[in-house]
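Encoded as structure tokens, the structure appears first; notes follow it.
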Amino acid sequence: MTYRDVPAKIDLPLMEREILGFWQQAAIFEKSLAKSEDGPTWVFYEGPPTANGKPGTHHVEARVFKDVFPRFRTMKGYHVPRKAGWDCHGLPVELAVEKELGFAGKQDIEKYGIAEFNARCRESVLQHVDEFAAMTERMGYWVDMDQAYWTMDASYVDSVWWSLKKIFDKGLLVQDHRVSPYCPRCGTGLSDHELAQGYEDIVDASVFVKLPITGGKIVEQFPGAALLVWTTTPWTLVSNTAAAVNPNVEYDIAKTDAGEIFVVAAALRESVLGEDSTVLATVTGQELEGTPYQRPFNWVEFPDTDAPIHTVLLAEYVTTEDGTGIVHQSPAFGAEDLATCRAYGLPVVNPVAPNGEFVAEIPHVGGVFFKTADSTLVDILKQEGTLFKHLPYEHSYPHCWRCHTALIYYAQPSWYIRTTAIKDQLIAQNEKTNWFPDTIKNGRFGDWLNNNVDWALSRNRYWGTPLPIWRCAEGHLTCVGGRADLAQYAGDAALEMDPHRPFVDDVTFPCPTCGDTASRVPEVIDCWFDSGAMPFAQYGYPQSNVEKFEASYPADFICEAIDQTRGWFYTLMAIGTLVFDESSYKNVLCLGHILDEDGRKMSKHLGNVLEPIPLMDEHGADALRWFMAVSGSPWQARRVGHTTIAEVVRKTLLTYWNTVAFQSLYARSSQWDGSVLTLDNPTDLDRWALSEAYRLAREVDEALEQFDTQRAGRLIAEYVDDLSNWYVRRSRRRFWDGDAVALSTLHQCLKIVTQVMAPFTPFITERVWQDLFLTADVESVHLSNWPDWQTATIDDKLNEQVALTRRIVELGRAARATSGVKTRQPLQRALVAAAGWSEIPESLQEQIRDEVNVLALEELGESSELVDVSVKANFKSLGARFAKETPVIAAAIAAQNAAEFVAALRENSAIVEVGGTTHNISLDDVVITEVPREGWTVASADGESLALDLALNDDLIAQGIARDITRMIQDARKTSGFDISDRIVVTWSASDANALVALQTYGERIAAEVLATTWQQGDTNGATLRDEELGVSIVLAKA
RNA sequence: GGGCCUAUAGCUCAGCUUGGUUAGAGCGCUUCCCUGAUAAGGAAGAGGUCGAUGGUUCAAGUCCAUCUAGGCCCA
């Protein structure tokens, strides 16, 4: 073991590239897995990024956390396999390819050929995966990309099919006609996820429409009465099927000042009909049920039925928040409408074709795009006198996020997973899950589960896992659980088949029920099912790797950004529960988003995207990683920019590096190489530094157990600062002397910091390990074990004493600053008052004397003629006892003669009298502050004080001059380019009497300090080093 | 429109769970000090109506309500 030369300056990005080479060449990641093979497994699942675009900085964020915890756990002895994964399927990939090929829609794809189109999709995925791989490697995210799972792999599809068959066999995979958002241009339904991206603010016509009542009590009593409905989608009036009211709401039958009679919700009457309207009667919604009315357009034919078409229905969801409290029902275009009308057995009529146009046979609007038809329809309503009011209505309406076509809520056949059937189970699984932060569990995610709707699984698209259901003309369904299963029905050719469209579409077989030919249904599945199936599909389970899967289910840890709440976090839990009756993860870390420097979301559109690789090439991957993990809370949105990243580098990483360089410099200059540690006779400061290092190892350990990287990072930063700016600063002399105990102590402390930092900043810590700590047994910091703090000595009392020492030093510096006497001028004494002072060991007092540059320290407390005592209330203690009376008691305490009061308190307990009542006051009830009397230079804070005696004498002055000269020579050594260990010859002369005394009296001390082997008074003609103020001239030469 | 999160110094953020009387850190700024880790380090200062309003309390940055602004998710 030898210390290598550590340069004071470091090019972080350059160093990182070297380390990447080392890791690869020495296979460190593989060794870290092999080393921990016998340890307990800590299961991590990689959420596959969608390979449909370039990676962004937000991908780095998630990957930092996905790397920190596995590295940490590995150092703690766990085995943490990390299998990479790529999400390959889905509309995003298709759209990217469509754009590349300049396609306008599905017709173009079919013309081009599905096989060719899907081949292009596959290529596109491969290209983007390469970019992700490059980013992943550059940032030092250790994940096995050679064994990555790809959701488009045949074995993966086999597993997905297997799970779908399990769900199908439970009766939970069903086809249904439901209303879902649908893009007429793309010709497919959209997932909720896609929907969210496409809301646009638009202005629609909102209309109040009269529906004349055609029978029943109301119209008998009030002839001409009409229902009044409100809608923002006039085009749906064509297929009006019913009107719905809330059974528990009161409705007014009211007359407008124009003499018309309407039924509207009582709560909305004034706002809709005007304040002048008069109420003729009031009924409940319940009483309106069954009231027949005349529909606005009678162009659509309804099938013959006994169901109550064009009457009033009851529906709890109707509110009186806006509109009229009566909702027009068109079940083909609204999920709630459909549910309400279904309950009454009403038929679903749909005059709009899948391309978004009204079918040709509809008068006036046949062949017109649904949204465009609004104005024509409003005009007709106006002409017929059934339009009551017409207002522009601004709202956000979903559009296709890619082609900006207005979406239509559209009833169409789709395949669903009936997740509502397992809702209670999902809620129970969520209860067992640890969320970080905890608020997601019962908040965002819990709400989502409570409002669970069935999973719309199918997509009428091309590049996706085909839905493995075959259907015959009779409608018998056969769900196939993999290619092997398919081969049972359709022959062995299926075994080797690419299980994508169009190949799978060509496979037919005799229906097992009736023998008719069964062919596959046309749909593919939502790609979110693919990623949610990764716990087993990544291993091709159950077709292969059965043990591997069983040993790694469920996961101990998953981590993604918060937008995955309803994405991957949900699909993982849902599929796990559907297939294995158990959620697939135990702990989930939910990250906040990364924003730009102005707090805006990063988007291509705004041009504020930070590209990860250039960012890391500028600041270093460690810097970016440290920033992500430590700056701010992981689960809160955070701003990232060049300045903020540069700052963390300077503050913590460079301070750490400087300390390492310091250690290396002095160890090497005294031929100390770290092979033998001498820790036998440590100083108090040595004991403190080591004790604090082990405390750090413990506290970082505890913080990371709670996934709290911010706390861990703050602890590390504090320790690095303590080590550098207190331990090293105070121990410099010992390092100059090559003190083996000091070198051993700093060696050990740095080793511990290096280890606890390693999960966060794997590059710089590896560099340091190679330079200082490399041994034959442990060739990488990432193969080392977490520092063993359990058996180490952590001395809390010493820590408190050092903390007090440092506070006193701060007071000393503050007093120096106000005194105007330079710190280089020694002073005779300082007086200190602080609780616990009497126990401060001599060695720590020495630190204070040295830092403050005084010859002696004395305790202030006992010499009462020098001190003023003040006493004030401790509100926390008094408040608990006296509540309302606290302020008067506090005032009474302040009014006491402080000196006598404190004396009484210290004797026993004191008494204050308020309004004739006496109260016992104890020491706990007050805060006592002792400050020196006037005439001293004093600094105090929080009841602790230091006072400087500013009196000077000749000797003190001489010592001050000696120190000035020392400093002058040291400066000259440096500017002359001498090495720190060069010995010198000093020739001096003095023109000032004081200086002469100082040089004579303290010459030996100065000589020792500046490494002078010869110290002589003599001829200094031509000296470059002269100080007129001091009256000193000096000639330096190398010895 | 609904739910959740956030708002503290010029900037980036702690503190809020468990209320206690001078609200902190880092960066930046001014002045000074120290100096063989030195393109570092330290001290002092300027800079805060702790988003707004109201409430609870002897006491509110901290608890409650409402509002405003931003973010996220949903509709």
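Letters A, B, ... mirror the listed sequences (proteins, then strands); counts begin at 1.
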Exercise. Quick one: A/W448 CH2 to B/C73 P, roughly how many Å, whole number?
Worked result: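 It is 13 Å, rounded to the nearest whole Å.
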Problem set entry | Between B/G41 (C1') and A/D722 (CG): distance, integer Å |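 In whole Å, B/G41 C1' and A/D722 CG are 14 Å from each other.
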If you restrict it to nitrogen or oxygen atoms, what contacts under 3.5 Å exist between nucleotides 55-63 of chain B and the protein, and what is each distance?
{"from": "B/C58", "atom 1": "N1", "to": "A/A883", "atom 2": "O", "distance (Å)": "3.2"}

With heavy atoms under 4.0 Å as the rule, sort [X] into base, sugar-phosphate or nothing.
{"X": "A/F882", "value": "nothing"}
{"X": "A/V728", "value": "base"}
{"X": "A/Q663", "value": "nothing"}
{"X": "A/W736", "value": "sugar-phosphate"}

Problem set entry | The single option from A/R733, A/R732, A/R963 passing salt bridge (Lys or Arg N to Asp or Glu O under 4.0 Å) against A/E1009 |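 Looking at A/R733, A/R732, A/R963, the match for A/E1009 under the salt bridge (Lys or Arg N to Asp or Glu O under 4.0 Å) is A/R733.
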Exercise. Which ranges of RNA chain B pair up as stems, where a stem means three or more consecutive Watson-Crick or G-U pairs with both distances under 3.5 Å?
Worked result: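 Stem list for RNA chain B: B:1-7 with B:68-74, B:10-13 with B:24-27, B:29-33 with B:41-45, B:51-55 with B:63-67.
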Problem set entry | Sidechain-backbone polar pair: A/D737 side chain, A/D739 backbone, donor-acceptor under 3.5 Å |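 Absent.
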Spatial distance of atom [atom1] ([X]) from atom [atom2] ([Y]) [nearest 0.5 Å]:
{"X": "A/Y719", "Y": "A/C749", "atom1": "OH", "atom2": "SG", "answer": "3.5 Å"}
{"X": "A/L1011", "Y": "A/Q970", "atom1": "CG", "atom2": "CD", "answer": "7.0 Å"}
{"X": "A/S669", "Y": "A/W736", "atom1": "OG", "atom2": "CH2", "answer": "12.0 Å"}

Exercise. Is there a ring-ring contact (aromatic ring centres under 6.0 Å, His included) between A/W626 and A/Y656 once you walk through the steps?
Worked result: CA-CA 13 Å; A/W626 183 257; A/Y656 164 70; 9.4 Å; no
What nitrogen or oxygen pairs link the protein and nucleotides 31-34 of chain B at under 3.5 Å?
{"from": "B/C33", "atom 1": "O2'", "to": "A/T823", "atom 2": "OG1", "distance (Å)": "3.1"}
{"from": "B/C34", "atom 1": "OP1", "to": "A/R824", "atom 2": "N", "distance (Å)": "3.4"}
{"from": "B/C34", "atom 1": "OP1", "to": "A/R824", "atom 2": "NE", "distance (Å)": "3.3"}
{"from": "B/C34", "atom 1": "OP2", "to": "A/R824", "atom 2": "NH2", "distance (Å)": "2.9"}

Problem set entry | Cationic N near anionic O, under 4.0 Å, A/R711 to A/E702 |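 Salt bridge absent between A/R711 and A/E702.
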For this session: Specify whether A/Y3 and A/W672 have parallel, tilted or perpendicular ring planes, treating 30° as the upper limit for parallel and 60° as the lower limit for perpendicular.
Result: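 A/Y3 vs A/W672 ring planes: perpendicular.
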